[in-house]
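In what follows, a structure is listed as structure tokens, so that the remarks can point back to it.
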Amino acid sequence: MPELPEVEVSRLGITPHVEKQRVQAVRVWYPTLRWPIPDDVYLLEQQPITAIHRRAKYLLLESTFGALILHLGMSGKLRVVPTETPRVKHDHFELELENGLSLRLNDARRFGAVLWQPTGELHPQLQQLGPEPLTDALTADHLYHLSRGKTGPVKNFIMDNAVVVGVGNIYANEALFATGIDPRRAAGNISQARYARLTDAIKDVLARAIEQGGTTLRDFTRADGQPGYFRLELAVYGRGGLPCPTCGREIAEQRIGQRNSFFCTRCQR
DNA sequence: ATGTTGACCTGTAAGC
DNA sequence: TGCTTACAGGTCAACA
């Protein structure tokens with residue numbers, strides 16, 4: 001479900017219900033997702049959630065003794081429901097809040113994570129992350145300089161969280177189409193001018209996706225249950241064999257780095 | 001160091 | 001109608 005826009009939409013959706021609320025109870029229904037859920041998460045009980053931040057695709061629920069870190073993996077979903085709402089299949093974790101609502105993590109594939117970061121520490125999972133794409137931390141110079149000498153495909157390069165965070169398979173395809181760059185091209189073989197345009201395209205496509213409420217493919221829904229509408233704006237992702245919106249040639253579909261990729265062989269070089 | 005591959009899991013859709 | 005297979009928004013560990 002989630003790339004950066006979907007995580008950000010989730011953050012925006014849950015914040016009004018969760019921020020400033022005291023946690024009445026922490027419930028772990030399934031003890032191991034991608035990693036074991038640490039017992040430290042019970043430190044949240046009786047403490048207020050002071051703010052909800054996002055770093056890469058991680059959500060950080062800040063509190064007195066530290067931050068609860070949530071990652072949605074491939075299939076994770078956050079919902080805010082009345083506490084008495086029955087659990088459904090794959091509901092693994094819950095924060096019961098003082099306002100009678102509960103924040104629930106549902107994750108069929110269990111690639112998601114629930115972690116704990118003590119105040120004043122940076123969790124190991126967050127230590128190797130590249131810059132945030134929607135801030136000035138991501139610059140064309142950064143991508144250009146890091147890419148020198150890299151022989152792997154540029155699509156893999158921009159999906160590497162050590163390079164820049166939050167660019168997943170959908171938006172990597174879209175940003176490369178918007179820039180006219182062939183996703184198979186070696187990252188080190190792209191000019192500074194083209195990285196400038198690619199940087200702008202990454203920022204633009206992510207920002208527009210957030211505005212549209214994210215991309216709903218199979219099952220992503222916002223915290224209020226509404227779908228995201230960015231799917232309607234996808235130019236190439238999931239459109240193999242259909243005409244390129246720019247030139248009309250059939251959109252190519254090919255696996256790059258084990259991920260399905262979509263591009264126009266005429267518009268992207 | 002860098003690049004590539006397999007692994008983790010379940011649900012869904014397509015193919016036979 | 002069934003059964004089998006391939007694939008899915010992410011990331012990490014183990015290789016060459």
Side-chain angles (χ1 to χ4, degrees), chain A residues 1-11 29-37 54-59 69-78 88-93 105-115 123-130 133 145-175 183-189 202 205-206 209-210 212-222 227-234 236-241 253-262:
Chain A
M1 165 289 269
E3 294 191 33
L4 185 146
E6 291 73 40
V7 176
E8 181 66 10
V9 167
S10 296
R11 186 183 74 84
W29 289 314
Y30 198 102
T32 299
L33 301 179
R34 183 180 189 105
W35 298 285
I37 299 177
R54 179 186 56 73
R55 173 73 173 110
K57 296 169 190 163
Y58 296 90
L59 290 177
I69 300 177
L70 299 173
H71 195 288
L72 301 178
M74 289 278 256
S75 54
K77 293 180 279 282
L78 288 174
V88 298
K89 194 174 184 182
H90 304 306
D91 276 348
H92 301 314
F93 181 83
L105 173 63
N106 181 287
D107 184 5
R109 294 174 75 179
R110 304 201 296 273
F111 288 173
V114 179
L115 303 169
H123 194 283
Q125 294 304 130
L126 306 186
Q127 287 178 11
Q128 305 301 324
L129 296 175
H145 290 301
L146 257 190
S147 66
R148 294 308 90 183
K150 305 272 191 191
T151 59
V154 61
K155 176 163 178 275
N156 295 4
F157 177 69
I158 62 173
M159 289 178 69
D160 181 347
N161 278 330
V163 173
V164 53
V165 301
V167 183
N169 200 33
I170 297 176
Y171 302 112
N173 278 294
E174 293 296 314
R184 299 167 295 185
R185 178 177 285 276
N189 187 24
I202 289 171
V205 70
L206 294 177
I210 292 169
Q212 296 299 313
T215 297
T216 295
L217 289 179
R218 286 176 167 64
D219 53 4
F220 172 70
T221 52
R222 310 186 302 185
Y229 292 101
F230 193 70
R231 181 178 189 174
L232 303 174
E233 297 190 26
L234 295 178
V236 290
Y237 184 85
R239 301 179 53 81
E253 181 172 354
Q254 179 181 318
R255 291 188 88 75
I256 302 173
Q258 297 180 304
R259 306 301 295 274
N260 213 3
S261 306
F262 303 90

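Throughout, a chain's letter reflects where its sequence line sits, starting with A, and its residues are numbered from 1. Because the structure is a prediction, the values reported are computed rather than measured.
For A:Ile170 and C:dC7, the CD1 to C1' distance is 14 Å, given to the nearest whole Å. C:dG9 atom C1' lies 12 Å from atom NZ of A:Lys155, rounded to whole Å. What separates CD of A:Gln128 from P of B:dA1 is a distance of 12 Å, to the nearest Å. We find that CG of A:Asp160 is positioned 13 Å from P of C:dG10, with the value rounded to whole Å. Counting to the nearest Å, the C1' atom of B:dG3 and the CD1 atom of A:Ile256 are 15 Å from each other. The distance between atom CD of A:Gln254 and atom C1' of C:dC7, rounded to the nearest whole Å, is 17 Å. Rounded to whole Å, atom P of B:dT5 lies 10 Å from atom CG of A:Asn156. Rounded to a whole Å, the CG atom of A:Asn173 is 11 Å from the P atom of C:dG10.
Rounded to whole Å, the separation between the P atoms of B:dG3 and C:dG9 comes to 22 Å. Here the separation of B:dC9 from C:dC3, taken at their P atoms, is 25 Å to the nearest Å. Nucleotides B:dG11 and C:dC12, compared at atom C1', are 23 Å apart to the nearest Å.
Listed nucleotides: C:dG10, B:dG11, B:dC9. Nearest to the side chain of A:Arg109: B:dC9. Proximity note for A:His90 (side chain, C-beta onward) versus B:dT10, B:dT2, C:dG9: the nearest is B:dT10. Proximity note for A:Asn260 (side chain, C-beta onward) versus B:dT4, C:dG10, C:dA8: the nearest is C:dA8.
Checked against A:Tyr30 for a side chain to side chain donor-acceptor pair (under 3.5 Å), the options A:His90, A:Arg110, A:His92 give a single hit: A:Arg110.
Regarding contacts with the backbone of C:dT11, a side-chain N or O of A:Asn161 is found under 4.0 angstrom from either OP1 or OP2. Within the 4.0 Å cut-off from OP1 or OP2 of C:dG10, not a single side-chain nitrogen or oxygen of A:Tyr58 is found. Distances shown here put a side-chain N or O of A:Thr151 below 4.0 Å from the OP1 or OP2 atom of B:dG3. For C:dT11, one of the phosphate oxygens OP1 or OP2 lies less than 4.0 angstrom from a side-chain nitrogen or oxygen of A:His71. A sub-4.0 Å separation between OP1 or OP2 of B:dT10 and a side-chain N or O of A:Arg110 is present. A:Arg259 has a side-chain polar atom (N or O) that falls below the 4.0 Å cut-off from OP1 or OP2 of C:dG10.
In this model, a donor atom of one side chain and an acceptor atom of the other lie less than 3.5 Å apart for A:Glu253 and A:Asn260.
Applying the Watson-Crick and G-U wobble criteria (two distances, each under 3.5 Å), B:dC9 pairs with nothing in any strand. Base pairing analysis places C:dT4 opposite B:dA14; the two distances defining the Watson-Crick or G-U wobble pair are each below 3.5 Å.
Within 4.0 Å of A:Arg255, counting heavy atoms only, lie sugar-phosphate atoms of the nucleic acid but no base atom. Residue contacts shown for A:Gln258 include a base, since a base heavy atom lies under 4.0 Å away. Using a 4.0 Å heavy-atom criterion, one finds that A:Asp107 contacts no nucleic acid atom at all.
Note on ring orientation: taking the six-membered ring where Trp is involved, the planes of A:Tyr237 and A:Phe262 are perpendicular (angle over 60°, cut-offs 30° and 60°).
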Discussion item. Test side chain to side chain donor-acceptor pair (under 3.5 Å) on A:Asn169 and A:Lys155; report intermediate values, then the result.
Written reply: CA-CA 9 Å; A:Asn169 200 33; A:Lys155 176 163 178 275; 2.6 Å; yes
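Here the side chain of A:Glu233 pairs no donor or acceptor atom with the backbone of A:Phe230 at under 3.5 angstrom. Counting only distance, with no hydrogens or angles, the side chain of A:Glu3 and the backbone of A:Ile170 share a donor-acceptor pair below 3.5 Å.
We find that the ring of A:Phe111 and the base of B:dC8 stack, their centres lying under 5.5 angstrom apart and their planes tilted less than 30°.
Nearest-nucleotide positions on DNA chain B for A:Lys150 and A:Lys89 put A:Lys150 closer to the 5' end.
Judged by atom type and distance alone, A:Arg34 reaches the base of C:dT11 through a side-chain donor-acceptor pair under 3.5 Å.
From A:Ile69, atom CD1 reaches atom CD of A:Gln125 across 8.0 Å, with rounding to the nearest 0.5 Å.
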